[in-house]
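Below is one structure, written out as structure tokens; the observations come after it.
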Amino acid sequence: METLINKDKYGQDYVSRDYLLQFVDITKIFKSGHVRNYALDKVNLSIKAGDSLAIVGESGSGKSTLGLVAVNLLKPNSGKIMFEGNDISKLRGSALRSFRRYTQMVFQDPYSSLNPYNTVYQSVSAPMKANMAYYESLIGEKVDSRDKQRAKVAEMLDMVGLVPGENFLDLFPKKLSGGQRQRVALARSLMLRPKLIVADEPTSMLDVSISAQVLNLLARLKRELKFSIMYISHELGTSNYISENMAVMNLGRVVEYGPSEEITSRPMHPYTDILIKSMLEVGGFKTEEPLAKIDFSQYNGGMVGCTFAHSCPFVTDVCLKQRPLLEKVDGDHSVACFHPLSH
Amino acid sequence: MSEDILTVKNLETDYSLDNGGFVRAIRSLNVELQKGETLALVGESGSGKSTLALSIMRLIDKPNKIADGEIILHDSDGDTSILELGENALRRIRWKKISMVFQSAMNILNPVMRIEDQFIDTFEAHSMPGDYSDRIDKYLTIAGLGTKVRRLYPHQLSGGMKQRVSIALALSCEPEILIADEPTTALDVVVQREILFELKQLKTSLNLSIIFITHDLSVASAVADRIGIFYAGRLVEIGRKNDVIAKPGHPYAKLLLGSIVTLSTERGKNLSSLEGSPPDLSKEIIGCSFYDRCPSRVKQCLSYDLYPVEVGDNHYVECLRAKELLESTV
């Protein structure tokens, strides 16, 4: 993770094919009236090929916006998104379509991400049909008849645990439970064997036991099909379960980044620390000690200083005047804080 | 043996279907709430936990109905059978004896009324005596809000603040029982922890008895004295918090506990998960309702007449094999 912010020259030097995805100084502003809300405020992150990255944060931290930016469903106001070394914001036409083959999204709500008028077969086969030549070259055989196409979709459904797949082909979403719908959405996203899956809170609408099934499945498929996951969640436990790396976001900025174990066992940013201590465990509160109250009401977008300064127990003058940069502190562990916690 | 404040006996609540049939969301349920305790009821969607809350508040609307059973409130006025009360008598129970906090705090507040007016509305509806203004300040403070909030409109509050307002509203008529239905589900972790802490302290300072409904066992274990596990309209296990968590007796409770992911869960490890789906509650269920999905089922489970088996001190499990399964895991 390079620190790119506030450097005059960035770009080419840092952009490398070793990275599957890189966010370079991404800023996304949502305007409401005269108010400019910085959903993303110079975000710099990267995912190495084959690695996964969990984006954790509370509501309003910008994590979902980052996910939409990653798959090019939302254009940032400034900054670059590099996919395998190519700036995707410059892609048009067929180049853009081929990019979409490599990145797919699984949304939070399986009740609205599937077309209720389409059967499971119609939904899951759509990516294949739209990219038939690509799909055929991918699997190395002709899929020229309807029977073959149905067989391929059924195979995919088997893979996501809808067994036997052929029994699900002609069902409409209303016949399926939330967990089954999420499996269909996953099957659809995996149809073209993408390199990156962006999963935005894929289990938060599901019951605990069903969520466990979907997480099991995601972990297994990730191992078998070797894709990268950008896992977006407010939940540190499942993020750590799915992903080796983690980035913690607060009000549009990445405040901490590193290996998941490092972050969860030795958080360095005071915000991450409060987030982790606020988690509940089976058995009760993680700690009974009083924690600093978090108050973002003072926040107004595009702040000069640290976004967490107003709630931070360790705040000093510099925190209000200068933006802390995300810098490597220990190995791959980076933190954007002038007074990082030591352990 | 502590004193009970609310007893639910043999409760059956039905939701009617368009085809004339009905779904029995709660099936002969027996549970009691002890004075001064927090009883957490845990279950997945459709298990009937919210229906129980609505039944206690008598908020089950026609054509849905409470088909059978008794709900008895034991307080200083003696015993009151809630299901037999008329509308006027009910109004004296609701909010003044039993009040409720709902999951979607945003939806219970009137968007075009100042917070203080919503309090006054409540006080007038329940003909509360005394100085309303003092009372508003008192309960806003109790719920951890500043008194400035009273002049604000709901849209000026964050999600956590709205939930605090709804807790303040629920407590403002000095109820003895508070039913909290997923009060923190829509909130971020930091705020969730604050609110749960607050509720825990309020229980002691206001001498409340709380029924806390949640789908999340870790939330339940943070606030509860006792935990009850719901499955398919029945309470399949109930006991003291630590007993249920450390020694779950029902196979469903065990699986539920195993499916929780925490920071100490090993990455990519196989989580215990439940295959299949809960039974169709519009049909009669013979024997154990968990039979289809149970890893420990035996033939007798289908003919077994459900009753709670005492597996420990005040720890009951509705499973034929509970004792045997518990012994084998020790």
Side-chain angles (χ1 to χ4, degrees), chain A residues 52 57-61 161 177-180 203 205-220 222-223 234-244 260-261 264-265 271 274-288 290-297 311, chain B residues 42-47 144 156-161 184-194 196-197 200 214-224 231 241-242 244-246 252 255-278 293:
Chain A
S52 287
E58 298 187 282
S59 38
S61 62
S177 68
Q180 288 174 327
T203 64
M205 306 251 315
L206 307 174
D207 271 325
V208 207
S209 63
I210 310 297
S211 155
Q213 289 176 13
V214 173
L215 288 171
N216 270 338
L217 178 68
L218 211 53
R220 178 173 59 87
K222 183 185 151 206
R223 271 198 306 275
H234 68 283
E235 229 275 320
L236 281 135
T238 58
S239 299
N240 179 58
Y241 174 80
I242 290 289
S243 173
E244 307 82 42
S260 303
E261 288 84 9
T264 53
S265 62
Y271 174 67
I274 291 178
L275 214 53
I276 289 173
K277 286 188 176 146
S278 298
M279 284 179 68
L280 300 172
E281 290 176 330
V282 182
F285 295 107
K286 207 173 175 95
T287 167
E288 299 268 340
L291 299 176
K293 282 221 176 203
I294 294 189
D295 173 21
F296 292 137
S297 59
S311 311
Chain B
V42 184
E44 298 188 281
S45 29
S47 61
Q156 294 170 297
L157 307 178
S158 69
M161 288 167 90
T184 61
T185 305
L187 304 175
D188 278 321
V189 273
V190 178
V191 186
Q192 162 169 290
R193 178 183 185 272
E194 284 170 10
L196 295 177
F197 243 88
K200 222 176 161 175
T214 176
H215 68 282
D216 187 335
L217 261 166
S218 31
V219 170
S221 60
V223 292
Y231 184 77
K241 170 180 97 179
N242 292 333
V244 173
I245 285 171
Y252 173 68
L255 283 165
L256 205 55
L257 273 159
S259 63
I260 295 175
V261 180
T262 65
L263 281 183
S264 47
T265 311
E266 189 192 325
R267 179 158 319 122
K269 174 199 126 169
N270 205 31
L271 306 167
S272 71
S273 65
L274 270 167
E275 297 306 324
S277 41
R293 307 167 86 184

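Reminder, nothing fancy here: chain letters follow the sequence lines and each chain counts from 1.
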Next on the checklist: So which atom in Ser209(A) and which in Ser259(B) form the shortest heavy-atom distance, rounded to 0.1 Å?
Outcome noted: CA-OG, 3.8 Å
Next on the checklist: Can you tell me which portion of Ile242(A) sits under 4.5 Å from chain B's heavy atoms? Options are side chain, backbone, both or neither.
Outcome noted: backbone
Checklist outcome for this item: Closest non-hydrogen atoms of Leu236(A) and Leu263(B), given as atom of the first, atom of the second and distance, are O-CD2, 3.8 Å
Checklist outcome for this item: Cut-off 4.5 Å, heavy atoms of chain A, and the answer for Glu194(B) is side chain
Next on the checklist: Heavy-atom pairs under 4.5 Å with chain B: which of Lys222(A), Met279(A), Glu244(A) has the most?
Outcome noted: Glu244(A)
Checklist entry - So which of Glu261(A), His234(A), Arg220(A) has the biggest tally of heavy-atom pairs under 4.5 Å with chain B? => result Glu261(A)
Item to check | Step-by-step side chain to side chain contact (heavy atoms under 4.5 Å, CB included) determination, Leu215(A) to Val261(B) | outcome: CA-CA 9 Å; Leu215(A) 288 171; Val261(B) 180; 3.8 Å; yes
Next on the checklist: Measuring from atom OG of Ser211(A) to atom NE2 of His215(B), what distance do you get when rounded to the nearest 0.5 angstrom?
Outcome noted: 9.0 Å
Item to check | Which portion of Ser158(B) sits near chain A, non-hydrogen atoms under 4.5 angstrom | outcome: neither
Checklist entry - Okay, side chain of Ser218(B), backbone of Glu281(A): is any donor-acceptor separation there less than 3.5 Å? => result no
Item to check | Contacting region of Ser177(A) [heavy-atom separation from chain B under 4.5 Å] | outcome: neither
Checklist entry - Taking side chain as C-beta onward, heavy atoms only, is Asn240(A) less than 4.5 Å from Thr265(B)? => result no
Item to check | Engaged part of Ala212(A) at the chain B interface, taking heavy atoms whose separation is under 4.5 Å | outcome: both
Next on the checklist: Which atoms of Leu274(B) are under 4.5 Å from chain A, going by heavy atoms: the side chain, the backbone, both sets, or neither?
Outcome noted: both
Next on the checklist: With a 4.5 angstrom heavy-atom cut-off, is it the side chain or the backbone of Leu187(B) that approaches chain A, or both, or neither?
Outcome noted: neither
Item to check | Atom pair CG (Asp207(A)) and CG (Asp216(B)), whose distance is rounded to the nearest 0.5 Å | outcome: 11.0 Å
Item to check | Contacts of type side chain to side chain contact (heavy atoms under 4.5 Å, CB included), residue Lys200(B), not counting sequence neighbours | outcome: Phe285(A), Glu288(A)
Next on the checklist: Would you compute the distance between atom CD of Glu44(B) and atom CG of Leu206(A) and round it to the nearest 0.5 angstrom?
Outcome noted: 10.5 Å
Checklist entry - When heavy-atom pairs shorter than 4.5 Å are enumerated against chain A, which of Leu217(B), Leu256(B), Leu196(B) gives the highest number? => result Leu196(B)
Checklist entry - Arg223(A) versus chain B, heavy atoms under 4.5 Å apart: side chain, backbone, both or neither? => result side chain
Checklist entry - Where the side chain of Ser221(B) meets the backbone of Gly284(A), is there a donor-acceptor pair that is under 3.5 Å apart? => result yes
Checklist entry - Non-hydrogen atoms of chain A under 4.5 Å away: do they reach the side chain of Ile245(B), the backbone, both or neither? => result side chain
Next on the checklist: Quick check on Lys293(A) against chain B: is it the side chain, the backbone, both or neither that has a heavy atom closer than 4.5 Å?
Outcome noted: both
Checklist entry - Is the backbone of Ser243(A) close enough, under 3.5 Å, to the side chain of Arg267(B) for a donor and an acceptor to pair up by distance? => result yes
Next on the checklist: Under 4.5 Å from any heavy atom of chain B, what part of Glu58(A) do you find: side chain, backbone, both or neither?
Outcome noted: both
Checklist entry - How long is the span from the CD atom in Glu235(A) to the CG atom in Asp188(B), to the nearest 0.5 Å? => result 11.5 Å
Checklist outcome for this item: Sorted by chain and residue number, the side chain to side chain donor-acceptor pair (under 3.5 Å) partners of Ser277(B) (sequence neighbours excluded) come out as none
Checklist outcome for this item: CG (Leu280(A)) and CD (Gln192(B)) are apart, to the nearest 0.5 Å, by 5.0 Å
Item to check | Contacting region of Thr287(A) [heavy-atom separation from chain B under 4.5 Å] | outcome: both
